[in-house]
Amino acid sequence: MNKMSVKDLDVKGKKVFCRVDFNVPMKDGEVTDDTRIKAALPTIEYLSNQGAIIILASHLGRPKGKVVEELRLDPVAKRLSDLIGKEVVKTDAVYGEEVQEAISKVSEGDIILVENVRFEAGEEKNDEALSQAFADLADVYVNDAFGAAHRAHASTTGVAEKLPAAAGFLMEKELSVLGKALENPERPFTAIIGGAKVKDKIDVIDHLLEKVDHLIIGGGLAYTFIKAQGYEIGNSLLEEDKIDLAKQFMQKAKDKGVDFVLPVDAVVADKFAEDANKKEVDIDQIPADWEALDIGPKTSEKYAEIVAKSKLIIWNGPMGVFEMEAFADGTKAVANALAKTEGYTVIGGGDSAAAVEKFGLSDKMDHVSTGGGASLEFMEGKVLPGVAALTDK
Ligand SMILES: Nc1ncnc2c1ncn2[C@@H]1O[C@H](COP(=O)(O)OP(=O)(O)O)[C@@H](O)[C@H]1O
Ligand SMILES: O=C(OP(=O)(O)O)[C@H](O)COP(=O)(O)O
């Protein structure tokens, strides 16, 4: 990467404004999954050991420029403190005097976490004054928030333009793994795309068709393709206005010699519910009043075979409605196939990462990205603003 690394900075005794992605799931004021906090520890520990004064900043949820009590970062500060074995000073302010005062009271190696940056209306607007207020707190900037790198906000891009700005270790690792995978893939290279909406995955499918040997489609978005092949899909998810595009993708795959793989069978249900009546049918046999909520066993087997012989596999999006146990088998089967393969496996964040975690298979994957939207945009070939804003080497 041609961007400055945290390793290139002399941070001893310096104030470092470090953007992290601590947008973690919470319930009843407790952090329920600390994966993202753990993922930022190497950078935080390094800065601390180097004798920097660390001012951490993150968003949590989407408070839209207002203070939302449940979205305060106090539980996150507590969990970070437990993980790192050191006090973390949490401020109620996002910037300004209260934060300056906290900074003046701590010593080298100490850690401050400011309040949820999205409590400020200027954050998502990439407001000049807020960016400057962040810059005024510190000598240098480090961005370790890969999960928010696709956002051009005050704490991800604005402030980066005002201070020497470097990538943290998590940011570097994410970019390096995803970058290597896409630029110089080991072959056969397989991408598995699932989830709900074709609309959201158009760019990624289009970009991946230029790169992969096998493109596997699962989840709700598969049925627009099945419909495009001329089959009845009942009440399955359909984006009518994307049928033509689905046809174009299948044609493009043919032209490029890409193996475009669609479900051959499905688990159909008579309603969208855990206790629905369900049955397995071939893909050309979906009954008119039923909907396909998971890939079927033949499809799972076929996908697992492709995964087994691939050298590199990227996965984004579940194969079915995995939140309901009755329709989780397809997603489980694909997760297990990835866990078993000798190929290098990359999980593209979001729902797939949650699924892999739920099945207890995260440790079996080579790389589980901390960014859903960010890894998707990266896979679309887009420049991430949070990365572009960092200082060139
Ligand atoms: N066959 C299906 N029918 C309806 N929803 C599905 C199906 N397969 C997967 N889903 C849903 O897709 C959602 C995940 O989609 P996701 O990948 O997060 O993004 P997107 O909605 O943008 O495609 C999950 O909540 C899952 O329940
Ligand atoms: O959780 C996040 O997104 P993700 O679920 O797509 O990884 C990031 O923290 C970005 O949050 P945002 O989509 O509210 O900007």
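All values below were derived from every heavy atom in this structure, side-chain atoms included, with hydrogens, water molecules and symmetry-related copies excluded. Counting starts at 1 for both ligands and their atoms, following the listed order. In this text, all values refer to a predicted model and were calculated from it rather than measured experimentally.
The atoms of ligand 1 that sit less than 4.0 Å from any heavy atom of K201 are 17 (O), 19 (O), 23 (O). Per-residue contacts place R62 under 4.0 angstrom from the following atoms of ligand 2 (heavy atoms of the residue considered): 12 (P), 13 (O), 14 (O). Residue R151 approaches ligand 2 through these ligand atoms, each under 4.0 Å from one of its heavy atoms: 12 (P), 13 (O), 15 (O). Heavy-atom contacts of N23 reach the following atoms of ligand 2: 1 (O), 2 (C), 8 (C), 9 (O), 11 (O) (cutoff under 4.0 Å). Atoms of ligand 2 found under 4.0 Å from any heavy atom of G371, numbered from 1 in the order shown, are 7 (O). Close approach of ligand 1 to L293 (heavy-atom distance below 4.0 Å) involves ligand atoms 1 (N), 3 (N). Ligand-side atoms of ligand 1 in range of D200: 22 (O), range being under 4.0 angstrom from any heavy atom. Close contacts between ligand 1 and G317 involve ligand atoms 17 (O) [criterion: under 4.0 Å to a heavy atom]. Less than 4.0 angstrom separates some heavy atom of Y223 from each of these atoms of ligand 1: 1 (N). Each of the following atoms of ligand 2 lies closer than 4.0 Å to a heavy atom of D21: 8 (C), 9 (O).
Heavy-atom minimum distance, A389 versus E161: CB-OE2, 4.0 Å. For F249 against I202, the heavy-atom pair with the smallest separation is CZ-O, 3.5 Å. Taking both residues in full, the closest heavy atoms of V94 and N116 are given as CG2-O, 3.5 Å, listed atom of the first, atom of the second, then distance.
Looking only at heavy atoms of the protein, atom 7 (O) of ligand 2 is closest to G372 N, 2.7 Å. Taking atom 6 (O) of ligand 2 as the reference point, the nearest protein heavy-atom neighbour is G373 N, 2.7 Å. Protein heavy atom in closest approach to atom 7 (C) of ligand 1: G220 N, 3.2 Å. Atom 3 (O) of ligand 2 has R36 NH2, 4.1 Å as its closest protein atom, hydrogens excluded (heavy atom only). Summary of contacts: the protein heavy atom closest to atom 24 (C) of ligand 1 is E323 OE2, 3.2 Å. Here the heavy atom of the protein found nearest to atom 4 (C) of ligand 1 is V321 CG2, 3.7 Å. With respect to atom 16 (P) of ligand 1, the closest heavy atom belonging to the protein is D351 OD2, 3.6 Å. For atom 1 (N) of ligand 1, the closest non-hydrogen atom on the protein side is A292 O, 3.1 Å. Nearest protein heavy-atom neighbour of atom 9 (C) of ligand 1: G320 O, 3.2 Å. Nearest protein heavy-atom contact of atom 11 (C) of ligand 1 is A196 CB, 4.2 Å. Protein heavy atom at the shortest distance from atom 11 (O) of ligand 2 is H59 NE2, 3.2 Å.
Of the charged side-chain nitrogens involved, none lies within less than 4.0 Å of a carboxylate oxygen, so that K105 and D110 do not count as a salt-bridged pair. A salt bridge links R72 to E69: one of the charged nitrogens lies within less than 4.0 Å of a carboxylate oxygen. With respect to E115 and K90, a salt bridge is recorded, a charged nitrogen being found less than 4.0 Å from a carboxylate O. With salt bridges taken as basic N to acidic carboxylate O contacts below 4.0 Å, one links D282 and K298. Between D74 and K78, none of the side-chain N atoms (NZ, or NE/NH1/NH2) sits under 4.0 Å from a carboxylate O, so this pair counts as no salt bridge.
Within a 6.0 Å sphere centred on CG of D392, other residues, nucleotides and ligands contribute more than 12 heavy atoms. Surrounding NZ of K7 are at most 12 heavy atoms belonging to other residues, nucleotides or ligands under 6.0 Å away.
Side-chain contact check for H367 and E174: at least one donor-acceptor pair (N or O, by modelled atom type) lies under 3.5 Å. No side-chain N or O of E357 forms a donor-acceptor pair with one of T35 less than 3.5 Å apart.
At under 3.5 Å, not a single nitrogen or oxygen of A148, backbone or side chain, sits near a nitrogen or oxygen of ligand 2. By the 3.5 Å distance cut-off applied to N or O atoms, M319 is not counted among the residues near ligand 1. Distances between N or O atoms of F272 and those of ligand 1 include no value under 3.5 Å. For ligand 1, none of its N or O atoms has an N or O atom of N316 under 3.5 Å away.
Residue-ligand proximity: G147 is placed with a non-hydrogen atom under 4.0 Å from ligand 2. Residue contact annotation: R118 has a non-hydrogen atom under 4.0 Å from ligand 2. Within the structure, the closest approach of G350 to ligand 1 does not fall below 4.0 Å when heavy atoms are considered.
Aromatic pair F169/Y46: ring centres closer than 6.0 Å.
Judged by distance alone, with hydrogens and angles left aside, the side-chain atoms of E232 form no donor-acceptor pair with the main-chain N or O of I286 at under 3.5 Å.
Here A222 has no heavy atoms under 4.0 Å from ligand 1, in either its backbone or its side chain.
Taking the ring axis of W290 as reference, the NZ or CZ atom of K279 stays within 45° of it and closer than 6.0 Å to the ring centre.
Taking the six-membered ring where the residue is Trp, Y141 and F17 present parallel rings, their angle staying beneath 30° rather than reaching 60°.
K162 has its side chain within reach of Q132: a pair of non-hydrogen atoms, C-beta onward, lies under 4.5 Å apart.
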